[in-house]
Each structure stands twice: as structure tokens, then as C-alpha cells.
Student: 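Before we start, here is the structure in question, set down as C-alpha cells.
Excluded from the calculations below are hydrogen atoms, water molecules and symmetry mates; all remaining heavy atoms, backbone and side chain alike, are included. When a residue number appears, it is its place in the shown sequence, counting from 1.
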Amino acid sequence: ILVSDHEYWYEQARIALRKRLQYATDRKPHAKNVILFVGDGMGVSTATAARILRGQRLGKRGEEHELAWDTFPAVALAKTYNMDVQIGESSACATALMCGVKSNFETVGLDARGRFENCFSSFSSRVASLIDWAQESGKSTGIVTNTRITHATPAALYGHSPSRYWEDDSKVPPAARKSCKDLARQLIENDPGRNINVILGGGRRHWLPKVANDPELTKEEGRRLDGRNLIDDWVRDKKKRGLKGEYVWNKGQLDKVDPNQIDHLLGLFSYSHMDFEADRDPGPTGDPSLADMTRSALSILLKNPKGFFLFVEGGRIDHAHHYNNAYRALDETLAMETALLAALALVNPTETLLVLTSDHSHVLTMGGQATPRGHPILGPDSKVSDVDGQPYTMILYGNGPGFSTPRIIPINTTTATEDRNQIHGSAVPRQWATHGGEDVPVYALGPLATTLFTGTFDQSYIPHAIAYSACLGEHRLRCQGFDNYTASPPAPSCVAPEVSSVSAGSPVVIASSVMADDGSHTKSSTSSPPAAFCLVLLPLISSGLVFFAAT
């Protein structure tokens, strides 16, 4: 099997699953529902600093505080490298996290045969996602994010593009527009996007044509060149198919949604990314919080007796880190914790698998010399440098816009605005800070969590472990007693995978996640291995050296 082929990563996940399942005393539990939380850019140091900040905001010293995920019984580490780069990038990390395969830098929903900005390469490299698998099992599905809904991370759930920046057709090269759809079009026209029950986030500009003004930022126009208003098209599609759908674009409208009257909800709350929590207008004409959107999504998804899959992204943690703006990064981490608490209040953890992780880390560090307990986490250390006698903040960045000589020290400020705008110092000057390359934490609660989410594994293992717990994808027959890890599996069908559709979308970026201001979608059936793969592995299967999950 070629390492670039999705089957290689599927088999690596099977091996990792078998290693963990050998210690399971009971493999029967399964998750009816799944909620996957992703803190974009949330590394261990971010989680630690956010925990302390939450405790200090509650009047405690902070170090002893526990965030909601700190109490989860399962903790593991995930490796975030991409197929072709050492330090992970959001769309390729999201492809690993949602589709179970390692892929190339700045491609989305493709295995490593997909080449950046090569439309043709996306036709044979597209891979299915957790949402595909959930819909195949009759579950309701939802996406909640405070970034653009077509941005790198959520796009991996429904899109297949050789460039994360092909968010609308204006970003797709003219020569590729007839063959490769932008990501917004894929979301409303192709499977699984057009069947997603709840879509809540930002990014109206990629849905509106150039001639249309944004309803909120009335001087801003849409970016589509094809003249289409995809919001209208989404509404029209639901009516045509006899589905009860509703579109909203501010908090007041979202609050009025009656979940008993609709099964499909589209909410686009901002022209680009939604506001940082620190800057958010909580009034009816402002943005809903991540927790507000999570509650609204669950009110619809919980109606399905077969269960649901919900993705929730705290996407702006990453953006603040790119600016070396620790205040907003930590504040966004805490906003995601509030969303997790909202979800925990509405679901039953005995039948719901909750996984919280990150797509990659950032270059934030946290350190001090004999710093006393309870010292303000965003402030300077209690000691000055023993080399130059100058103060330094306990939170620093390895690189980014915070570099200066003499170094930046956040000063004592008098207003909340000044506090939240502080930039922390960095060791190396860059226009925007880079991602960090260390492993990221994975926290899990629910059926088989303590069996499946242990040790260190490739990020691409995570969706396969989720699929095993929830009986999705190649594990969908497990709940009926056909567990390939306990019984002889049926021989795989060696039929060439079917191809369904094409699309793409994303902006022009300076820093790989934030500054992207502004593809080709097709989908391969992953239930059957390619013929060449069968020729190689069938002899091994019959000898018992390789196991396939029942499909």
C-alpha cells in the first residue's frame, strides 16, 4: 500500500485499535451520539494557562482549578505532522482529524495524492469524513464554528479541495472553475454537505455574489463571481426536497428558532470570522456565543432517535495566537469550555462520546523563576532577567509580531480594551506567529473512551476510534455483533470506489490560519479498497495477518 493512499492510514488505525482493544474487558458499549470539540491551536501550554486564568477570574489562585475536560477519564496525545511537513497546518490536520488520513499541507479532504492547487489531483484522492459515515448510519449531523464555515477546519467535514483557500469561486483559478467546485458550493450541492442538519458559523462573503451587500456590514459586498446567492440556493434546496429549513444571521433570530418546527438550520453570523468572545456584541443584533450555537444545534440534533454527530470548533484560539495576543487566545479557550459545559448539560455521557482535542499547537510558552502561586498568568514574572535586569512576561511566544529590542513587556493598563490588546514578546520576528509542532492533548468521555483514547497516536487515528465507538464507517456493523476485532472478518469487496462530486474553497493567507482572507470536491467511497490493494492484501487476509472491519 502506498503511504500516500488513504488505505495505508486506515490500516495504521486498525493496528492502533487492535493494540488498545486487546486490553478491553468489555467491547460491547457503543456511542449513539458523538460530539467532537476542536480547539484550533490549543496546545497543552494554552490549556494550562487558560485553566489558571479561569481560576483567577473566579477569585482563586488558579493553578488548582479544573476545566471541564480536566475531569474526563481518558487522556492521550496526538501527533500533528502532515504528510509533507513537520509542523501541522490547519486543513491538513483537520483532514487527519475528520477523515482519518494524513494529507499534504493546505489541501483539505484529500489523501496525500492530492497536490496543492492541482484540481485534477483531487478527483482520485478525495476521502470520506465522520459526517459521511454518520449520515450513512442515519444520524443527524451538525457543524458549529466561530470561524468562517468554509474555513480550513470545518471544510474537512464536507469538502474536497486541492487548496483550502478556494472558499468561493473567485479564489479558484479560472482554468479549474469548470471542474472543481469551491468549498461553499460543495457544502450546499454535494453530499454530505447538503444533508447536514445544522450549519452555524461565519463567512457570508463566500456565499454572496459581488453585486450583493452584506446585511450587517452594508458597505461590504459578496465575493462570488458566478452571480449566485448560495444562501438563497440553500433555502430553495430544502423547500424543493420538502425539508423544514430556516436561515438566520444574528443572535436574535437564532434565539427565536423553534427546533420542533425545523430539521435544518443555517446560521451565518458574520461577513468573515465571527467576533472574538472578548469583542462580541451579545445583543440580539450581535453574534451568538459558541455555547449559544452549541445549544441551538443540539436542540435539533437530539430529535433523531438514531443519534447524531456534532462538530464544535473554538476556531479563534488560533487566530489570537498568530497575533501573539495571549489574552484573546486564552479567553477563546475558555469560551470553548463554556460550550462544552453547555453540551454536557444536554447529553447523556453513557450514550454520547465526547472527544475534545486540537488540530495543532502554537509557539506559546509559559515559564518563570520561583513565581509565587496565584501570580497573574498574563502579567510579568515576579523576577527580572538575571542577564539584562529587564522584566519579561511569563507567557512568551517562540516567534511572531511580538519581537522587539528592548523586548515587549505588557504594561499596567487601565482599561479592559488595553488589557485584551496586549501583545506578548517573541524570540524571533515574524509577521505572524507560526504553529507549534508538539503533540496535542486528546480528552475523551463516554463509551469505550478509556480503552480507545490512550497513549500516543497519529492524529489520523482519532476518527477511526470515534467510528469504532459509534459503529460508523467500516465499523458500522459492530453494534450488530460483527466486530472484526473479535471474529473472522468477511473478505473485502474488491470493487473500484465510486466517485460522486467535485468542489473547493478558501482565502489568501499570510499566516496559515488567521490571515487567510479569503476547490474541487469529489468524494470517494471508502468502504471498498482499491483493486490493486486487494491483489496485495487478500492473501494476507486469508492467512489472518490482516483484519478488515466489516462493511
Student: Drop me the distance from L472's CG to I131's CD1, to the nearest 0.5 angstrom.
Tutor: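 The CD1 atom of I131 is 11.5 Å from CG of L472, to the nearest 0.5 Å.
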Student: Which residue pairs pass the salt bridge (charged side-chain N to carboxylate O under 4.0 Å, His left out) test when at least one of the two sits in residues 324-346, sequence neighbours left out?
Tutor: R54-E337, R57-D331, D279-R328
Student: Atom CG of L290 and atom OG1 of T338: how far apart are they, to the nearest 0.5 Å?
Tutor: 9.0 Å
Student: Just to verify, what does R204 make a salt bridge (Lys or Arg N to Asp or Glu O under 4.0 Å) with, not counting sequence neighbours?
Tutor: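 R204: salt bridge (Lys or Arg N to Asp or Glu O under 4.0 Å) contacts with D214, E216.
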Student: Calculate, to the nearest 0.5 Å, the distance between atoms CZ and NZ belonging to F309 and K139 respectively.
Tutor: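 NZ of K139 is found 11.5 Å from CZ of F309.
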Student: Kindly indicate whether the side chain of T141, heavy atoms from C-beta on, has any atom under 4.5 Å from the side chain of N195.
Tutor: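 No. Closest side-chain heavy atoms not under 4.5 Å.
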Student: Distance alone, cut at 3.5 Å: any donor-acceptor contact between the side chains of T145 and H151?
Tutor: no
Student: What class does the angle between the rings of Y10 and H464 fall in, given that below 30° is parallel, 30 to 60° is tilted and above 60° is perpendicular?
Tutor: perpendicular
Student: Taking the six-membered ring for Trp, are H435 and H362 parallel (under 30°), tilted (30 to 60°) or perpendicular (over 60°)?
Tutor: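 Perpendicular, since the angle between the ring planes exceeds 60°.
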Student: Are I149 and L187 close enough that some pair of their side-chain heavy atoms sits under 4.5 Å apart?
Tutor: yes
Student: So, for D40 and I317, which heavy atoms are closest and what is the spacing to 0.1 Å?
Tutor: O-CB, 3.3 Å
Student: Does the side chain of P463 come within less than 4.5 Å of W133's, by heavy atoms?
Tutor: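 Yes - at least one pair of side-chain heavy atoms lies under 4.5 Å apart.
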Student: What's the separation between atom CD in Q459 and atom CH2 in W9, rounded to the nearest 0.5 Å?
Tutor: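 Answer for the CD-CH2 pair, Q459 versus W9, is 11.0 Å.
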Student: Tell me, please, which residues at least two apart from A94 pass side chain to side chain contact (heavy atoms under 4.5 Å, CB included).
Tutor: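 Partners of A94 under the side chain to side chain contact (heavy atoms under 4.5 Å, CB included) test: M98, T153, A156.
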Student: Taking S358 for the side chain and M42 for the main chain, is one N or O donor matched with an acceptor at less than 3.5 Å?
Tutor: yes
Student: When R185 is tested against each of N190, D169, V172, D226 for side-chain contact (heavy atoms from CB on, under 4.5 Å), which residue passes?
Tutor: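 So the option named by the test is D226.
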Student: Any sub-3.5 Å donor-acceptor pair from N146's side-chain atoms to G315's backbone N or O?
Tutor: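 Flag set: sc N146 to bb G315 pair under 3.5 Å.
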Student: Would you please name every residue forming a side chain to side chain donor-acceptor pair (under 3.5 Å) with S129, sequence neighbours left out?
Tutor: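 S129 satisfies side chain to side chain donor-acceptor pair (under 3.5 Å) with D132 once adjacent residues are dropped.
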Student: Quick check for you: to the nearest 0.5 Å, what is the distance between T150 atom OG1 and L230 atom CG?
Tutor: 10.0 Å
Student: Quick one: does any side-chain atom of R115 pair with a main-chain N or O of A112 as donor and acceptor, under 3.5 Å?
Tutor: yes
Student: Would you say the side chain of N82 lies within less than 4.5 Å of the side chain of S103, judging by non-hydrogen atoms?
Tutor: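 Contact flag for S103/N82 side chains = no.
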Student: I143 versus E313: any side-chain heavy-atom pair under 4.5 Å?
Tutor: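 Side-chain contact under 4.5 Å: no.
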Student: Has R224 got a side-chain atom pairing as donor or acceptor with H206's backbone, closer than 3.5 angstrom?
Tutor: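 Here the side-chain-to-backbone pair exists.
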Student: The criterion is side chain to side chain donor-acceptor pair (under 3.5 Å); which residues satisfy it with E277, sequence neighbours excluded?
Tutor: R280
Student: Hey, does Y327 have a side-chain heavy atom less than 4.5 Å from the side chain of N421?
Tutor: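 No; the side chains remain at least 4.5 Å from each other.
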Student: Checking N213 now: which residues fulfil side chain to side chain contact (heavy atoms under 4.5 Å, CB included) with it, not counting sequence neighbours?
Tutor: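 Counting only residues at least two positions away or on another chain, N213 forms a side chain to side chain contact (heavy atoms under 4.5 Å, CB included) with E221.
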Student: Sequence neighbours left out, what passes side chain to side chain contact (heavy atoms under 4.5 Å, CB included) with V235? Give chain and number order.
Tutor: K239, Y247
Student: Does D281 have any salt bridge (Lys or Arg N to Asp or Glu O under 4.0 Å) partners at least two apart in sequence or in another chain, and if so, which?
Tutor: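 Partners of D281 by the salt bridge (Lys or Arg N to Asp or Glu O under 4.0 Å) criterion come out as none, since no residue qualifies.
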Student: Ignoring hydrogens and angles, tell me if any N or O in the side chain of D84 forms a donor-acceptor pair with the backbone of F105 under 3.5 Å.
Tutor: yes
Student: Can you list the residues that meet the salt bridge (Lys or Arg N to Asp or Glu O under 4.0 Å) rule with D458, with sequence neighbours excluded?
Tutor: K102
Student: Return all side-chain donor-acceptor pairs below 3.5 angstrom for residues 295-304, not counting sequence neighbours, or 'none' if the list is empty.
Tutor:
unit_1: R295; atom_1: NH2; unit_2: D292; atom_2: OD1; d: 3.1
unit_1: S296; atom_1: OG; unit_2: D292; atom_2: O; d: 3.2
unit_1: S299; atom_1: OG; unit_2: S296; atom_2: O; d: 2.6
unit_1: K303; atom_1: NZ; unit_2: P259; atom_2: O; d: 2.5
unit_1: K303; atom_1: NZ; unit_2: I262; atom_2: O; d: 2.6
unit_1: K303; atom_1: NZ; unit_2: D263; atom_2: OD1; d: 2.9
unit_1: N304; atom_1: OD1; unit_2: K306; atom_2: N; d: 2.8
unit_1: N304; atom_1: ND2; unit_2: G138; atom_2: O; d: 3.0
unit_1: N304; atom_1: ND2; unit_2: S140; atom_2: OG; d: 3.0

Student: Hey, are R236 and N229 close enough side-chain-wise for a donor-acceptor pair under 3.5 Å?
Tutor: no
Student: Not counting sequence neighbours, which residues clear side chain to side chain contact (heavy atoms under 4.5 Å, CB included) with K32? List them please.
Tutor: E351
Student: Drop me the distance from K238's NZ to H264's NE2, to the nearest 0.5 angstrom.
Tutor: 6.0 Å
Student: State which residue, out of N324, N325, D318, fulfils the side-chain hydrogen bond (donor to acceptor under 3.5 Å, both in side chains) condition with H322.
Tutor: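 Answer to the side-chain hydrogen bond (donor to acceptor under 3.5 Å, both in side chains) test with H322 among N324, N325, D318: D318.
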Student: Evaluate L354 against L340 for side-chain contact (heavy atoms from CB on, under 4.5 Å), listing each step before the verdict.
Tutor: CA-CA 9 Å; L354 294 107; L340 173 61; 3.9 Å; yes
Student: For the pair D287 (side chain) and P282 (backbone), establish whether a donor and an acceptor sit closer than 3.5 Å, ignoring hydrogens and angles.
Tutor: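 No: the side chain of D287 does not pair with the backbone of P282.
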Student: Got a donor-acceptor contact below 3.5 angstrom from the T357 side chain to the V38 backbone?
Tutor: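 No, because the side chain of T357 does not come within donor-acceptor range (under 3.5 Å) of the backbone of V38.
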Student: Is any side-chain heavy atom of I231 less than 4.5 Å from a side-chain heavy atom of W249?
Tutor: no
Student: Any side-chain heavy-atom pair from I462 and V442 closer than 4.5 angstrom?
Tutor: yes
Student: Determine whether a donor-acceptor pair (N or O, by modelled atom type, separation under 3.5 Å) exists between the side chain of S122 and the backbone of N118.
Tutor: no
Student: Tell me yes or no: between the side chains of R148 and S272, is some donor less than 3.5 Å from an acceptor?
Tutor: yes
Student: Tell me, please, which residues at least two apart from Y461 pass ring pair (Phe, Tyr, Trp, His ring centres under 6.0 Å).
Tutor: F457
Student: What verdict does the salt bridge (Lys or Arg N to Asp or Glu O under 4.0 Å) test give for R194 and D191, after you've listed the backbone C-alpha separation in whole Å, the side-chain angles of each residue and the deciding distance to 0.1 Å?
Tutor: CA-CA 6 Å; R194 70 192 194 101; D191 295 335; 3.0 Å; yes
